[in-house]
2 protein chains.
Amino acid sequence: MASQAPVPRTPLSRDRVLRAAVEIADADGLQAATMRRIGESLGAEAMSLYYHVANKNDLLDGLVDVLMDEITEAVDGDRPADDWKQALRQRILSARQVMLRHRWAPGLLEGRTSMRPAVVLYHDQLVGLMRSGGFSYDLAHHALHALGSRALGFSQELFDPSAGAGEVSDRMLAELASQVPNLAGMLAEIAHDDPESTIGWCDDQAEFEFALDLILDGLERLNS
Amino acid sequence: MASQAPVPRTPLSRDRVLRAAVEIADADGLQAATMRRIGESLGAEAMSLYYHVANKNDLLDGLVDVLMDEITEAVDGDRPADDWKQALRQRILSARQVMLRHRWAPGLLEGRTSMRPAVVLYHDQLVGLMRSGGFSYDLAHHALHALGSRALGFSQELFDPSAGAGEVSDRMLAELASQVPNLAGMLAEIAHDDPESTIGWCDDQAEFEFALDLILDGLERLNS
DNA sequence: ACCTGAACACCGTTCAAGT
DNA sequence: ACCTGAACACCGTTCAAGT
């Protein structure tokens with residue numbers, strides 16, 4: 001009998017490795033995307049990955065690249081803008097949509113110092129939009145710093161958005177009031193104004209846009 | 001002969017463990033502060049730490065606490081402020097001084113969702129300052145989001161400040177110019193204006209203050 | 001060219017055992 | 001009460017060996 005041909009497994013590739021990693025990170029977080037687990041999900045051994053990826057660091061760089069590809073694609077769909085402000089706003093909010101699809105992305109970008117070309121390019125284009133809006137290089141430079149990670153559509157959330165979730169009982173408010181009266185008052189008012197907001201305190205998207213517009217408005221004033 | 005009394009090693013304690021961890025993180029980064037290494041630096045075994053600290057997560061929470069203690073201490077030294085804006089500004093810049101002493105702190109706070117009481121209290125006080133400046137709860141809430149991690153004295157740096165360090169040769173500029181013309185132009189101008197800036201592109205402190213003031217100015221306008 | 005088995009040096013953590 | 005040795009399940013990574 002001829003030897004049974006083994007199921008012709010699609011060969012690995014950098015691309016397949018990265019896509020597998022994204023899938024795992026999307027589902028279970030970045031820390032779940034270990035070499036062993038990625039290998040497993042591809043029906044291969046962890047060590048096989050090293051043929052397509054230099055090491056873990058290179059793999060993470062690769063994740064940044066696929067992320068930036070997705071952002072570029074999203075941004076290409078933006079409709080032409082009337083002015084620099086609208087252009088920046090649209091672009092950043094489009095980038096944010098990608099970030100929201102990949103909850104691991106902010107955490108990944110935070111830790112990275114790798115200066116991936118795609119990230120540099122993205123910021124170059126932001127500066128381009130500002131320049132065509134009349135920004136000096138100096139102001140554009142300041143603007144990049146002021147935006148910080150917001151330029152890519154996310155911002156540091158110091159409190160877990162889901163931690164404050166659920167109902168806010170009067171009892172909890174009373175306890176809070178003695179320790180942190182100002183936050184308690186704030187929370188009480190928000191709970192009063194929007195008793196249905198069981199998703200937690202805040203509408204993240206609205207808050208993101210508020211902060212973004214605050215910065216863009218400030219820049220506009222400095223640019224005139 | 002009486003049994004040789006062993007060197008009476010100071011017993012461990014949560015406090016000693018945390019201080020050892022801070023020392024290691026200051027010197028070699030947070031990732032160097034492993035249980036084994038902390039134990040070693042105290043002349044004990046890694047497993048001994050578990051008597052004073054529930055687990056690694058609890059240890060990291062502890063690090064946040066010592067950080068917040070330091071910030072509270074720094075903030076207490078602030079001179080009384082004339083208005084809410086100056087008060088916020090001083091407080092945030094004082095917090096920043098602590099962050100600069102502990103380069104691992106931003107990275108630690110980023111990842112944490114733990115809602116440490118000290119962090120909540122810090123933000124409560126910020127809101128208190130805003131309230132006494134006439135802020136509505138709603139505006140104060142927006143303000144916290146707009147400040148984000150900046151409220152604690154740091155912000156997301158997407159590029160490694162030290163990565164751009166060193167001289168910027170004309171050759172590098174030429175290479176950059178074709179790929180990222182806008183950034184290249186920006187860099188060229190900065191290098192021209194301040195040829196001595198070998199620390200890298202930017203004065204981080206100045207940029208931080210620029211962004212902070214941009215936000216505070218924006219809030220002031222909304223508050224009047 | 002592509003993949004793997006065995007092995008190494010590291011993690012955090014448990015637990016029974018020592019003083 | 002406080003500390004430790006041995007052990008476990010996990011990391012990333014190397015390298016000689018297989019096809």
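First the proteins, then the strands, lettered A, B, ... as listed; each starts at 1.
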For residues 42-53 of chain A, which side-chain N or O atoms pair as donor and acceptor with protein atoms under 3.5 Å away, sequence neighbours left out?
unit_1	atom_1	unit_2	atom_2	d
A:Ser48	OG	A:Glu45	O	3.3
A:His52	NE2	A:Leu12	O	3.3

A:His123 side chain to A:Val119 backbone, donor-acceptor under 3.5 Å
yes
Name all residues meeting the side chain to side chain donor-acceptor pair (under 3.5 Å) criterion together with B:Glu73; count only those two or more places apart in sequence or in a different chain, and write none if there are none.
none
Which residues share a side chain to side chain donor-acceptor pair (under 3.5 Å) with B:Glu70, sequence neighbours left out
B:Arg101, B:His102
Please name all residues satisfying side chain to side chain donor-acceptor pair (under 3.5 Å) with B:Arg91, sequence neighbours left out, ordered by chain then number.
B:Gln125
Atom pairs under 3.5 Å: protein N/O with N/O of nucleotides 1-3 of chain C:
unit_1	atom_1	unit_2	atom_2	d
C:dC3	OP1	A:Leu12	N	3.1
C:dC3	OP2	A:His52	NE2	3.0

Straight-line distance of A:Thr34 OG1 to A:Glu40 CD, nearest 0.5 Å
8.5 Å
Residues two or more places apart in sequence or in another chain: which of them pass ring-ring contact (aromatic ring centres under 6.0 Å, His included) with A:His142?
B:Phe210
Do any pairs count as a ring-ring contact (aromatic ring centres under 6.0 Å, His included) and have a residue in residues 12-41 of chain A, sequence neighbours left out, and if so which ones?
none
Looking at A:Pro11, is its backbone amide N or carbonyl O close enough to the side chain of A:Arg16 to form a donor-acceptor pair, meaning the two atoms are under 3.5 Å apart?
yes
Those residues of residues 14-43 of chain A lying under 4.0 Å from DNA chain D by at least one heavy atom:
A:Thr34, A:Met35, A:Arg36
Check: protein-nucleotides 14-19 of chain C nitrogen or oxygen pairs below 3.5 Å:
none

Would you mind checking if A:Arg96 and A:Asp204 are paired as a salt bridge, meaning a charged N to carboxylate O distance below 4.0 Å?
no
Identify, with sequence neighbours excluded, every residue that meets ring-ring contact (aromatic ring centres under 6.0 Å, His included) alongside A:Tyr137.
none
Interatomic distance where CG belongs to A:Asp58 and P belongs to D:dT13 [whole Å]
10 Å
With both pairing distances under 3.5 angstrom for Watson-Crick or G-U wobble, and | for a partner in another strand, the correct string for DNA chain C is ||.|||||...|||||.||
Among residues at least two apart in sequence or on other chains, which ones pass side chain to side chain donor-acceptor pair (under 3.5 Å) with A:Asp124?
B:Asn182
